[in-house]
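Naming convention: chains lettered A, B, ... in sequence-line order (proteins, then strands); numbering from 1 in each chain.
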Amino acid sequence: MSQNILLADLLLPNIEKTPDYYENLYPARNLPEGARVVRIAPSPTGYLHLGVLFAALVNRITATTSGGVFFTRIEDTDKKREVKGGIEDIIDGLNRFGITIDEGFISGKEQKGNYGPYQQSHRAEIYQTYAKELIRQGLAYPCFCTAEELGALRDEQEAGKIRTGYHGEWAKCRELSLEQIKANIEEGKPFVIRLKSPGNEENKVIFDDAIKGKIEMPENDEDFVLLKSDGIPTYHFAHAIDDHLMHTTHVMRGDEWISSVPKHIQLFKILGFKVPKFAHISPIMKLDNGAKRKISKRKDPEAAVHFFAEQGYMSEAVIEYLMTIAASDFEDWRRANPDKSYKDFKFNLKKMSVSGALFDGVKLLDVSKNIVCRLNSIEVYNFVTAWAKEFDKEFYSILTKNPEYSKSVFAIDRDVPKPRKDIAKWNEVKDYFSYMFSEYYTPDLTLPENVAKEDAVLFLEKYKAVYSPDDDRQEWFNKIKAIAPQLQFASETKEYKANPDAFKGHAGDLSTVLRIAITGRRNTPDLCSIMQVLGYDECLKRIENAIRG
RNA sequence: GGCCCGUUGGUCAAGAGGCCUAAGACACCGCCCUUUCACGGCGGUAACACGAGUUCGAAUCUCGUACGGGUCACCA
């Protein structure tokens, strides 16, 4: 035993505290029964990934539903992969999506809470303290194996068809004597600290995953690395210590971690910690050449959450869509509670899919339309201009040149009892309303097949004479109906349908002619409103242009 | 390859041995409404991976096969 204490001091001479110090520093949280303490622990290796957003959402809503705490912790123990500005990108990204953070990094720069620091690179002493304790107890040891040696070991195992890894008799450094270790250290050989795993592959470890259910796996017997040669912990070790000290009750993370759970459970037990509840979230998938695969940062633009901002999706829409994936009963709830915030939804982990869902951009569009159609013209104006300011400067200046006009454009078929459901994302707006802005107006004056050019011209001439900008919808259409018979068109559609041979067409066809003259399109929102917004002079100009054309 | 997990219409999914002649949503198609388009209403096409077994009875339980996914680092 004293050998172990000597070893501990030799390996980690600068560590003077003991685990008790930290146990006292971070007392249990004072939370009501049933409150769940959850977290996301992203590593700052790039921009905010859709999967991280999804995990954050699930954690957030779990904390909210249970009256618990949602915190963030930065897992920056791999300095090689670290990206500058990575923390800001992730945390600020979450904020932009309305994911509120109770504790930890609440912005790119600020941390909040009594269980910090919330950045693993600032917690080295804590991990080393626990590692030292493990060494003292003979549960961890130094390993001097080089990458080459480890590679050779692996090759040997593969050749002999033996399970690979640093376990059992393959764990050479387990047997090193104190003298050998001393000599190695004096030679300046780098070393890692490994767990002396008490596990046996023959035994089973069973745990109940809150999402996936009961899972049974062989016990861990690998002497995996606790502390890397730079004294920084691996994920596994940091996870056990941080989630214990931060009193996480539910570890909800991507399901790529499932296979490591035996390691984690073993660590928690060895360290004398209470094992948290695990919930492994299935990844969001993507169809690639007919094959399903996890959505990838490298291959899929939509993996980066920034993509949605560029396209002009509302963050609410993305969240709403993610909720439909997260909870199979969410859509039913939404129908019953159309006006509530998703935050009021009672989230149940059991309603999460066990297998990964394919990302469905078409469904997102639909969800998005349902949200946008509830906005009024002022809100749309504000959102579109905010979007354009960042992603379409030209459109921005056009929109803001005459804000009142722009707002009246967005009011068309919107500030009415039954708003139109058309726009899903802001980058569609320019094209959708192009005819409302002279800069983008490129008319296609092709007439429908059933209307002759002469009739169209004649109609426009007659209409021009009676057109008044003050006409309401009723009056507006009445004028078209009044002209119809003069051109052998039916005033009423029913009239035409009852006796199609008696007419060239019906008033609807003529309104299409007018629509084409005014907008250069065959399909638009309410034409009467469009003409009112465009104004008399502009409409007249366009009608005359169409007559000439 | 070892170890885990999964497989219900094109997609998301409900489903916990008889309520399944298998719900709903998106997409698609048709009809109605309608000045176009959209909205809305009504209707339609379309699924339990396969094979054994247990059972009076299986989408649901068991086993096997196939396929898909994850994981096997001093990365997280």
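Straight-line distance between the P atoms of B:A49 and B:C12: roughly 14 Å, to the nearest whole Å. A distance of about 35 Å separates the P atoms of B:G41 and B:U60, rounded to the whole Å. Between B:C42 and B:C33, the distance separating the two C1' atoms is 11 Å to the nearest Å. Comparing the P positions of B:U21 and B:C48 gives an interatomic distance of 14 Å, to the nearest angstrom. Nucleotides B:C20 and B:A47 have their C1' atoms positioned 13 Å apart, rounded to a whole Å. As rounded to the nearest Å, B:C72 and B:A14 have C1' atoms that lie 36 Å from one another. Annotation: B:A23 and B:C19 have their C1' atoms spaced 13 Å apart (nearest Å). Between B:G40 and B:A59, the two C1' atoms lie 35 Å apart (nearest whole Å).
Backbone-only contact: A:Ser353 has heavy atoms under 4.0 Å from sugar-phosphate atoms and none from a base. Within the nucleic acid shown, A:Arg334 has no heavy atom closer than 4.0 Å to any nucleic acid atom. Among the atoms of the strands shown, none is found under 4.0 Å from any heavy atom of A:Thr45. Among the protein residues, A:Arg163 comes within range of no part of the nucleic acid, since none of its heavy atoms lies under 4.0 Å from any strand. Using a 4.0 Å heavy-atom distance criterion, A:Arg473 is classed as a base contact. The residue A:Ala507 sits apart from the nucleic acid: no heavy atom pair falls under 4.0 Å. A:Ser43 comes within 4.0 angstrom of the backbone, heavy atoms only, and of no base. Among the atoms of the strands shown, only primed sugar atoms or phosphate atoms (P, OP1, OP2) are found under 4.0 Å from some heavy atom of A:Lys351. Here A:Glu222 lies out of heavy-atom contact (under 4.0 Å) with every strand. In this structure, A:Asp255 reaches the sugar-phosphate backbone alone: every heavy-atom distance under 4.0 Å involves primed, P, OP1 or OP2 atoms, never a base. Note on A:Lys161: nothing from the nucleic acid sits closer than 4.0 angstrom, heavy atoms only. Among the atoms of the strands shown, only primed sugar atoms or phosphate atoms (P, OP1, OP2) are found under 4.0 Å from some heavy atom of A:Val354. Contacts of A:Asp526 with the nucleic acid, taken as non-hydrogen atoms under 4.0 Å apart, include base atoms. Using a 4.0 Å heavy-atom criterion, one finds that A:Lys421 contacts the sugar-phosphate atoms exclusively.
Contact between the side-chain N/O atoms of A:Lys79 and the OP1/OP2 oxygens of B:C75 is not found at any separation under 4.0 Å. Contact annotation: A:Lys286 side-chain N/O to B:G68 OP1/OP2 distance is not under 4.0 Å. The phosphate of B:G68 (OP1 or OP2) has no side-chain N or O of A:Arg293 nearer than 4.0 angstrom. OP1 or OP2 of B:A76 has not a single side-chain nitrogen or oxygen of A:Lys80 nearer than 4.0 Å.
Under the Watson-Crick or G-U wobble criterion, with both distances below 3.5 Å, B:A59 is left unpaired in every strand shown. B:A14 makes up no base pair with any nucleotide shown, lacking Watson-Crick or G-U wobble contacts both under 3.5 Å. B:U65 is paired with B:A49 under the criterion used here, namely a Watson-Crick or G-U wobble arrangement in which both key atom distances are under 3.5 Å. Applying the Watson-Crick and G-U wobble criteria (two distances, each under 3.5 Å), B:U21 pairs with nothing in any strand. Partner assigned to B:C72 is B:G1, using Watson-Crick or G-U wobble distances below 3.5 angstrom.
Spacing between atom CG of A:Leu150 and atom P of B:C74 amounts to 6 Å, rounded to whole angstrom units. If you take CG of A:Asp366 and P of B:C28, they are 10 Å apart, rounded to a whole angstrom. Between A:Phe224 atom CZ and B:C72 atom P there is a gap of 13 Å when expressed in whole angstrom units. Rounded to whole Å, atom P of B:C74 lies 16 Å from atom CZ of A:Phe191. Residue A:Glu219 contributes atom CD, which lies 16 Å from atom C1' of B:C4 at whole-angstrom precision. For A:Ile211 and B:G6, the CD1 to P distance is 13 Å, given to the nearest whole Å. Regarding A:Lys350, its NZ atom lies at a distance of 16 Å from the C1' atom of B:G15, rounded to whole Å. Distance A:Trp257 CH2 to B:G69 C1': 17 Å, rounded to the nearest Å.
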Begin from the C-alpha positions of A:His236 and A:Phe224 and carry the test ring pair (Phe, Tyr, Trp, His ring centres under 6.0 Å) through to its verdict.
-> CA-CA 9 Å; A:His236 305 117; A:Phe224 60 91; 5.4 Å; yes

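With centres under 5.5 Å and a plane angle under 30°, the ring of A:Phe477 is stacked against the base of B:U35.
Taking each heavy atom of A:Cys145 and A:Leu150 in turn, the nearest pair found is CB-CD1, 3.5 Å. Across every non-hydrogen atom of A:Asp422 and A:Glu428, the tightest pair is O-OE1, 4.2 Å.
Every residue meeting the side-chain hydrogen bond (donor to acceptor under 3.5 Å, both in side chains) condition with A:Lys479, not counting sequence neighbours, appears here in chain and number order: A:Asp471.
Between the side chains of A:Tyr141 and A:Asp223, a donor-acceptor pair is found at a separation under 3.5 Å. Using a 3.5 Å distance cut-off with no hydrogens or angles, the side chains of A:Asp221 and A:Ser197 do not pair a donor with an acceptor. In summary, the side chains of A:Tyr127 and A:Asp242 do present a donor paired with an acceptor at a separation below 3.5 Å, with no hydrogens or angles considered.
Residue A:Ser229 has its side chain nearest to B:C74 when only B:U35, B:C5, B:C74 are considered. Comparing atom distances between the A:Arg335 side chain and each of B:C26, B:A76, B:A25 picks out B:A25 as nearest. The A:Ser355 side chain lies nearest to B:G6 when the options are B:A14, B:C12, B:G6. In this structure, of B:A76, B:C72, B:G68, it is B:G68 that holds the atom nearest to the side chain of A:Lys292. Here B:A14 is the nucleotide among B:G40, B:G68, B:A14 with the atom lying nearest to any side-chain atom of A:Ser328. The side chain of A:Val225 sits closest to B:C74 out of B:A25, B:U35, B:C74. When distances are taken from the side chain of A:Pro218 to each of B:C4, B:C72, B:A27, the shortest belongs to B:C4. For A:Arg81, taking side-chain heavy atoms from C-beta onward, the closest of the listed nucleotides B:G6, B:C3, B:C75 is B:C75.
Using the six-membered ring where Trp is involved, A:His264 and A:Trp257 have ring planes that are tilted, between 30° and 60° apart. A perpendicular orientation is assigned to the rings of A:Phe268 and A:His239, their planes being inclined by more than 60° (bins at 30° and 60°).
A donor-acceptor contact shorter than 3.5 Å is absent between the side chain of A:Lys196 and the backbone of A:Ala140.
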